[in-house]
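All of these numbers come straight from a predicted model, not from anything done at the bench. Any value given below was found using the heavy atoms of this structure, including those in side chains, with hydrogens, waters and symmetry copies removed. So that the names make sense, note that chain A is the first sequence line, chain B the second, and so on, each numbered from 1.
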Amino acid sequence: MYVGRNFFKENFMSLDNLHKKITQSMCHFYDQKIPHKYFQIHKTKSDFKGDYTLIVFPFLSFSKKDLEATAIEMGNVLQEIEEISSFNIVKGFLNFNLSDLFFFSLLEKSFKTKNFGFSSLQNQSQTTLVEFSSPNTNKPLHLGHIRNNLLGFSISNIFKACGHNVKMVQVINDRGIHICKSMLAWLKYGDGKTPKTENQKGDFFVGQYYILFEKKLKEEQEKMKNKNDIPNILREAQEMLIKWEEKDPEVLKLWNKMNSWVYEGMDLTYKKLGISFDKNYYESNTYLDGKRIVQNHLKKNTFFTKKDGSVWIDLNEFNLDEKLLLRSDGTAVYMTQDIGTAFCRFEDFSFDKMIYVTGNEQNYHFQTLFKILEKLGCEWSVNCSHLSYGMVDLPSGKMKSREGTIVDADDLISKMRQDSRNLIKKSNKFDDFSEEEVQDLSRIIGDGALKYFILKVDAKKNMLFNPKESIDFNGNTGPFIQYTHARIISILRKRNNFEPSFNSFDSIHQLEKDLIKIIIDFPNCIQLCKNSLNPSFLANYVYHLAKTYNKFYQKVPILDGSKNEKFRLTISKKVSLVIMRGMNLLGIDVPNRM
RNA sequence: GGCCCUGUAGCUCAACUGGAUAGAGUACCUGACUACGGAUCAGGCGGUUGAAGGUUCGAAUCCUUUCAGGGUCACCA
């Protein structure tokens with residue numbers, strides 16, 4: 001459960017002023033400047049009475065009194081502040097309540113703040129590059145890529161919301177032995193077939209030939225007596241790679257053709273995911289830049305050359321190893337390409353920050369990359385960071401391409417949409433929906449289920465994706481949140497264009513307070529996600545908001561015709577907006593009916 | 001073997017980065033509608049936070065040690 005207890009830290013609204021007031025009055029009382037970090041204020045746990053809690057322990061050194069006496073003393077000081085109505089003490093915890101008036105003003109501010117929680121883009125905005133997806137061109141995107149794309153897209157949105165000028169980029173691994181394998185297999189066994197003649201998505205079409213290559217390779221290996229010999233088919237692929245590097249026109253033509261098939265296919269997948277990039281980088285270009293950079297630095301003693309001519313960098317001073325940058329035959333490795341890509345990007349955007357989104361198997365790689373960039377004199381290397389995520393498993397077990405238990409992104413998305421469609425068709429609530437509306441809703445719910453379920457988990461952890469559980473309308477799921485949104489919209493529909501009201505005529509209900517407290521925590525939650533490169537806080541935040549709203553909905557009548565109706569509608573409206581905007585930051589749509 | 005990450009209810013995940021009696025969902029059991037949308041809500045059951053020490057007023061969180069799982073240490077990407 002996400003409850004932003006610590007949001008006094010950087011909340012921009014009047015809570016921030018309240019924090020200042022508390023700090024000032026306490027400093028005044030003890031007649032000395034007390035460091036900011038001593039004021040630990042967080043939301044009061046639900047088992048205790050109070051809205052917020054000030055922790056007393058750190059102040060003992062100032063009061064020179066025992067815990068109880070200090071707490072009472074401080075409580076009395078707090079009560080002098082007009083926004084604070086009362087307090088109680090439990091051990092070293094000073095719980096205090098905010099006045100109803102203050103709650104009203106908090107709601108009003110959040111309601112009237114334009115783009116509440118978001119900072120706008122300005123001239124001095126930082127430019128932040130987010131690299132994600134970055135597929136190979138020999139096979140379609142799979143479940144792992146989905147987590148990558150969702151994280152990349154979401155963290156991009158979050159940085160945008162924080163006022164950064166975000167550029168979404170990827171590097172496409174379009175060169176190397178892997179694509180040559182597909183090419184060779186297609187030449188040998190393709191019979192001139194194309195995605196068009198086979199009516200297949202291009203990435204799947206090409207992926208087939210990659211699999212076919214591996215199959216033929218295995219067959220040949222099994223027939224061979226001497227296991228140390230290189231199989232013919234593999235040798236041919238290697239020869240093809242050499243020809244490619246020599247820019248053999250025939251090979252290049254084929255390479256272009258097959259890559260373009262893959263791109264066409266992947267574009268469809270990206271479109272389904274609602275993702276697009278500001279700029280694509282291609283390894284086939286950037287590896288040359290990388291080579292050039294490394295060669296230029298050879299004279300400067302940044303690198304050293306081994307007897308066989310291979311080029312290395314020594315990173316022992318950083319507790320890392322020696323790392324190869326150019327093979328003995330002068331060709332580039334993965335790292336070389338990444339150096340080149342980074343330089344190109346800095347030239348293109350002179351970014352303030354760059355974030356790489358990749359699986360955690362590359363943790364070492366990026367640690368090394370950043371240090372190499374530093375040694376190459378890039379001051380901006382300290383502004384590069386790595387959002388690494390763990391593997392996604394399925395209930396059926398681990399996902400392994402070698403064992404064929406891989407799940408293609410397209411198949412998974414289709415299945416989720418189909419499942420949600422079945423649920424919609426089972427209900428009679430949508431009898432008036434056109435086919436188009438049904439399709440649209442299936443997409444929203446199916447995608448929302450998938451995206452939410454993946455994003456709610458802390459990125460760095462391995463996780464289990466359970467399709468069935470993800471599309472459940474109860475529990476911590478996307479559809480549950482979407483339902484809550486639709487439900488609020490349904491109420492608002494009954495009081496079109498109501499005049500917002502920020503005052504309750506009776507004393508404010510506990511659940512109304514709870515909702516307002518969560519609402520005003522929204523900006524802080526976005527900041528937290530940004531600072532920790534972790535969208536899961538936001539997912540859990542929105543769930544907590546939806547959950548609390550449903551409780552409110554059940555317990556407190558909204559459209560009861562009373563004087564308080566408008567106040568409750570105002571809260572409801574604000575909740576629906578925060579849900580929508582929070583979900584949108586995760587790349588998830590919310591329906592008005594479901 | 002070196003380095004990195006993870007270990008929390010039967011299962012899937014939280015715990016706002018050191019605060020109170022570790023919370024949700026799910027599963028299981030029990031309640032609540034002539035509906036502002038029951039695709040909801042309320043209650044019950046469920047824990048030695050892998051284990052052992054240490055620091056602290058206070059530890060799931062920080063430090064040691066240890067066990068288990070994963071990753072990585074390629075002239076692969």
Side-chain angles (χ1 to χ4, degrees), chain A residues 1-7 9 40 42-48 53 55-58 60 67 90-93 95 134 136 173 175-178 283 306 308-312 319-321 323-329 331-335 337-338 359-365 367 388 390-391 395 398 423 427 429 453 456-458 460-466 469-470 472-477 479-480 482-484 486-495 521 524-525 528 531-532 536-537 540-541 543-544 547 550-561 565 568-569 572 593-594:
Chain A
M1 180 172 69
Y2 182 87
V3 188
R5 264 150 65 189
N6 239 346
F7 72 157
K9 270 183 187 165
Q40 298 175 49
H42 56 231
K43 266 191 193 170
T44 304
K45 287 194 76 166
S46 54
D47 320 334
F48 298 89
T53 299
I55 295 173
V56 179
F57 294 105
L60 295 183
L67 193 58
V90 182
K91 291 193 272 184
F93 300 89
N95 307 316
S134 301
N136 288 345
N173 301 299
R175 100 194 158 99
I177 194 75
H178 57 84
E283 193 189 326
K306 288 195 178 174
D308 60 4
S310 56
V311 177
W312 297 72
N319 218 2
L320 300 166
D321 259 328
K323 188 80 197 168
L324 176 86
L325 292 172
L326 291 178
R327 296 191 185 102
S328 50
D329 61 5
T331 54
V333 291
Y334 186 53
M335 183 61 81
Q337 167 274 128
D338 250 338
N360 58 14
E361 70 273 8
Q362 299 198 44
N363 284 356
Y364 182 75
H365 172 78
Q367 236 184 319
S388 95
M391 304 230 300
K398 281 204 181 310
L423 288 169
S427 159
K429 279 161 54 173
F453 202 88
K456 74 171 177 178
V457 182
D458 186 352
K460 72 170 175 253
K461 291 189 181 173
N462 291 350
M463 66 167 291
L464 191 112
F465 176 69
N466 186 333
E469 211 173 288
S470 77
D472 199 330
F473 290 94
N474 289 315
N476 188 353
T477 65
F480 171 81
Q482 289 172 323
Y483 169 73
T484 309
R487 206 182 202 190
I488 298 174
I489 297 300
S490 163
I491 287 193
L492 296 176
R493 215 178 274 132
K494 292 194 161 63
R495 293 287 188 278
D521 203 14
N524 183 46
C525 183
L528 184 66
N531 294 336
S532 54
S536 74
F537 291 120
N540 287 299
Y541 165 86
Y543 169 67
H544 184 232
K547 180 90 189 148
N550 276 320
K551 209 182 276 194
F552 167 70
Y553 177 94
Q554 195 78 20
K555 194 108 181 176
V556 182
I558 297 166
L559 300 181
D560 61 351
E565 207 181 89
R568 292 178 184 149
L569 280 166
S572 301
R593 267 188 69 186
M594 72 178 272

Please check the phosphate of B:C4 (OP1 and OP2 only) for any side-chain N or O of A:Asn363 closer than 4.0 Å. no
With respect to the phosphate group of B:C41, does any side-chain polar atom (N or O) of A:Lys555 fall under 4.0 Å of OP1 or OP2? no
What's the gap between B:A22 and B:U30 when it is taken at their C1' atoms, as a whole Å value? 26 Å
Closest-nucleotide ordering on RNA chain B, the 5'-leading residue of A:Lys456 and A:Arg487: A:Lys456
OP1 or OP2 of B:A74 sitting under 4.0 Å from any side-chain N/O of A:Arg327? no
A:Glu361 has its side chain closest, among B:U72, B:A24, B:A77, to B:U72
Between B:C41, B:A20, B:A77, which nucleotide has the shortest distance from any of its atoms to the side chain of A:Thr44? B:A20
Testing B:G19, B:A24, B:C13 for proximity to the side chain of A:Val457, the answer is B:C13
Does a side-chain N or O from A:Tyr553 land closer than 4.0 Å to OP1 or OP2 of B:G38, or not? yes
Paired with B:A22: which nucleotide, if any, by Watson-Crick or G-U wobble criteria at under 3.5 Å for both distances? none
Taking only the C1' atom of each, what is the distance from B:G46 to B:A27 in whole angstrom? 11 Å
Which nucleotide in the list B:A14, B:G19, B:A77 gets nearest to the side chain of A:Asn173? B:A77
Partner of B:A42 by Watson-Crick or G-U wobble geometry, both contacts under 3.5 Å, or none? B:U30
Write down the distance separating the P atoms in B:C63 and B:G19, rounded off to the nearest Å. 15 Å
Would you say A:Lys91 reaches B:G19's phosphate, i.e. side-chain N/O to OP1/OP2 under 4.0 Å? no
Determine the interatomic distance between P on B:A9 and the same-named atom on B:C3; round to the nearest Å. 28 Å
Across every strand shown, the nucleotide meeting Watson-Crick or G-U wobble geometry with B:U8 (both distances under 3.5 Å) is none
Quick check: on RNA chain B, is the nucleotide nearest A:Thr53 upstream (toward 5') of the one nearest A:Asn476, or the reverse? Name the residue that is more 5'. A:Thr53
At less than 4.0 Å, is any side-chain N or O atom of A:Lys547 found next to OP1 or OP2 of B:C41? Yes or no. yes
B:C41, B:A77, B:G19: which one has an atom nearest the side-chain heavy atoms of A:Pro58? B:G19
Provide the Watson-Crick or G-U wobble partner of B:U72, both distances under 3.5 Å; none if there is no partner. B:G2
Consider the side chain of A:Lys461, meaning its heavy atoms from C-beta on, and name the nucleotide among B:U8, B:A39, B:C36 that approaches it most closely. B:U8
